[in-house]
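What follows is a set of notes on a single structure, which appears directly below.
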Amino acid sequence: MATTQTPAKGVVEPNSDDTEFVFFSGKGGVGKSTVSCATATWLADNDYETLLVTTDPAPNLSDIFKQDIGHEVTEIDDIDNLSAIEIDPDTAAEEYRQETIEPMRQLLDDEQLETVEEQLNSPCVEEIAAFDNFVDFMDSPEYDVVVFDTAPTGHTIRLMELPSDWNAELEKGGSTCIGPAASMEDKKAQYERAIDTLQDDKQTTFAFVGKPEDSSLDEIERSASDLGELGIDSQLLVVNGYLPESVCEDPFFEGKREDEQAVIERAKTQFDADATATYPLQPGEIAGLNLLADVGGVIYDGEEATVEVGSATDVDTDQSVDVEALADPTSVAEQLTPGDDTRYLFFTGKGGVGKSTVAATSATKLAEAGYETLVVTTDPAAHLEDIFGEPVGHEPTSVSQVNLDAARIDQEEALEEYREQVLTHVQEMYEDKEDTEIDVEAAIANVEEELESPCAEEMAALEKFVSYFQEDGYDIVVFDTAPTGHTLRLLELPSDWKGFMDLGSLTKGAAPAKGDQYDEVIETMQDPERSSFAFVMYPEFTPMMEAYRAAEDLKDQVGIETAFVVANYLLPEEYGDNAFFANRRAQQEKYLGEIKDRFETPMMLAPLRRDEPVGLDELRAFGDEVTGISDLAKKQEVTMS
């Protein structure tokens, strides 16, 4: 059982002369930036010299404070003691690459430099660059508190801990998945000191922000467990955005509120944090000092929240958006259905946007339409089992719907298979070597350590993912949780490292023609006649911007275009007949228009439901409502007759 006696203020206020660090973690769209800004404002108002830092690729600190901030430390208007900075992740990554490669220019020839430059295009380098910026601000004695909006994940921190023996790695002239080991030596002591600070709960507070949903809390518990294994405790949980009782005037929203309150109770009794706090959903987006003061007062001073419902509508919309006209079910259905070859469907998006439900719904409708369909998830929460109400295993198994199989990639099992494959390859690679300068045991030990890297987990999942492109007998393969541009770029890393060790190159060499197989998979995903990538989001600023950035990354880095988008959790017109929900609908309409303008693709619109669809009957009914597959089938029948 969690104990929640400590007030939230007790875990964020400095308790010594040393600088206090407060890290906020959470998925896009849960209100992490709002809570971070409110915390920083509250600390500044309580006379603590405070710096607010974000590495969010879609920062909205400027919107929240209503002033330009940007990539330099900026004083916040009308708040004494508060400064902020929005670190640009692309700029940070490029600065890190240049810092890394500059000392090597006098030591390496052009060919070797090119190899290092290629390696520094690894997606893991972006995480290192972000951490580099964390480290810089963790050495800021002029502040009493540094608040980070967007904490380093367990994934990132594990990268920092590799390799454990830096000097041995240097002597071998090797490299890690984050660049040549020689480039990391200068940072070693600084990184180790930063990790020690993160593990010191007297100087560092780790806080999670989530929505009042079981799936959101499940994800937070997994992340907290991952951090716990690294010696980092979670001290604060903020459940943000619950429905205020006063606006829930009909059975639909009364039921939603009951579900949310049950999640809040679960968070207070089951989540292992020193303190929990809650804040209600507001009729519009939180911006401006008054609302930030309200958030801080509720979380840290125990005040009652102010929910100013106002009159419909307070949302500034340049023009009215016809929501129904945005939907294009026929075009979406055409992206879902196959031609002469197997079609691969990829549903991607941040946690909590409903992509598993949308993927399972689409798969069920496609199977019902007569297509042999396989749906695969790499989601560690195994959400497909809950949705279908049937067991889903590591290998494809039939569910009760005709033509429909399902599978869940077990990440631990996939990682074990991958480790065995890579180590076998390395042993075979060295067994015939006559070069007495090579310490084979040390080389294998180096690879074994690399296999503890989180990159190995991505490569293992990718290996299993690639294997489904060889599955025979399916018209359609639906992937719930698509590989990101970050992950796919691991496949594109050069296979010839000219002496540098790298997981991607080892995998490519681990079986005959493996590189060709990867190239074929990438080409299939790039072919709009064979594959469709769909981003699932809900119509708010952060989920939209995170999806847009990921889509641009896929296009720029891997050459994959977005086929369509899914706007989920749209407020139904028939419920919530008051000014509060009118404002929320107007806000959604505003962002639906922005989503259409940004993505310029067909759009699937999915309404908020009292409960998520569970079981095949509910999935079919939901599919009739959102996918357009039944309508397309009818049109085809009419055309053929």
Mind running side-chain contact (heavy atoms from CB on, under 4.5 Å) on F65 and I79 for me, showing each step along the way? CA-CA 10 Å; F65 286 112; I79 305 180; 4.2 Å; yes
Output all residues satisfying side chain to side chain contact (heavy atoms under 4.5 Å, CB included) with [X], sequence neighbours left out; order by chain, then residue number.
| X | answer |
| --- | --- |
| Q98 | E94, I101, R105 |
| A293 | none |
| E285 | F541, Q587, K590, Y591 |
| D294 | Y279, Q282, V298, A305, T306 |

Please identify which of these residues, L43, T39, T41, meets the side-chain contact (heavy atoms from CB on, under 4.5 Å) condition with T50. L43
In terms of heavy-atom contacts, does [atom1] of [X] have more than 12 from other residues, nucleotides or ligands at under 6.0 Å?
| X | atom1 | value |
| --- | --- | --- |
| E254 | CD | yes |
| D78 | CG | no |
| N290 | CG | no |
| E574 | CD | yes |

Is there side-chain contact between [X] and [Y], with at least one heavy-atom pair below 4.5 Å?
| X | Y | value |
| --- | --- | --- |
| P539 | L570 | yes |
| E142 | E49 | no |
| E213 | V263 | no |
| N240 | T278 | no |
| I387 | P613 | no |
| F21 | Q203 | yes |
| F148 | T55 | no |
| Q588 | L571 | yes |

Nearest atoms (heavy-atom pairs only) where [X] meets [Y]:
| X | Y | answer |
| --- | --- | --- |
| T627 | V332 | O-CG1, 4.1 Å |
| A224 | S234 | CB-OG, 3.4 Å |
| V12 | V22 | O-CG2, 4.0 Å |
| E612 | T357 | OE1-OG1, 3.0 Å |
| L82 | A40 | CD1-CB, 3.8 Å |
| K9 | D301 | NZ-OD1, 4.2 Å |

What residues, two or more places apart in sequence or in another chain, satisfy side-chain hydrogen bond (donor to acceptor under 3.5 Å, both in side chains) together with E552? K555
In chain order, what residues pass the side-chain hydrogen bond (donor to acceptor under 3.5 Å, both in side chains) check against E13, with sequence neighbours excluded? Y48
Side chains of E20 and T205: any donor to acceptor distance under 3.5 Å? yes
Return yes if a side-chain donor-acceptor contact under 3.5 Å exists between S62 and D68, otherwise no. no
Separation of E540 CD from M545 CE (nearest 0.5 Å): 14.5 Å
Within this structure, what is the CG-CG distance for the pair D233 and D272, rounded to the nearest 0.5 Å? 7.5 Å
Filter on ring-ring contact (aromatic ring centres under 6.0 Å, His included), then keep only pairs touching residues 206-245, sequence neighbours left out; what's left? F23-F206
Test of understanding: with salt bridge (Lys or Arg N to Asp or Glu O under 4.0 Å), list the residues that count as partners of [X], not counting sequence neighbours.
| X | answer |
| --- | --- |
| D214 | R266 |
| K27 | E219 |
| D47 | none |
| D259 | R610 |

Examine K211 relative to Y538 and say whether NZ or CZ is less than 6.0 Å from the centre of the six-membered ring and inside a 45° cone about the ring axis. yes
Start with the C-alpha gap between D250 and D577, add the side-chain angles, then the distance that decides, and say whether side-chain contact (heavy atoms from CB on, under 4.5 Å) holds. CA-CA 9 Å; D250 55 59; D577 184 18; over 6 Å; no
Pair K268-V239, side-chain contact (heavy atoms from CB on, under 4.5 Å): steps then yes or no: CA-CA 10 Å; K268 289 179 176 177; V239 183; over 6 Å; no
side-chain contact (heavy atoms from CB on, under 4.5 Å) between S36 and L52, intermediate numbers included: CA-CA 8 Å; S36 303; L52 175 62; 4.2 Å; yes
Plane angle bin for F581 and F253 - parallel if under 30°, tilted between 30 and 60°, otherwise perpendicular: parallel
Using a strict cut-off of less than 4.0 Å between a Lys/Arg side-chain nitrogen and an Asp/Glu carboxylate oxygen, indicate whether D90 and R549 qualify as a salt bridge. yes
Taking K355 for its side chain and G349 for its backbone only, find out whether a donor-acceptor pair lies under 3.5 Å. yes
Name every donor-acceptor pair, under 3.5 Å, that has one atom in a side chain of residues 70-77 and the other anywhere in the protein, sequence neighbours excluded.
| residue | atom | partner | partner atom | Å |
| --- | --- | --- | --- | --- |
| H71 | ND1 | D88 | N | 2.9 |
| T74 | OG1 | I69 | O | 3.2 |
| T74 | OG1 | E72 | O | 3.0 |

Show your working on ring-ring contact (aromatic ring centres under 6.0 Å, His included) between Y548 and F599 and close with a plain yes or no. CA-CA 7 Å; Y548 179 68; F599 285 87; 5.8 Å; yes
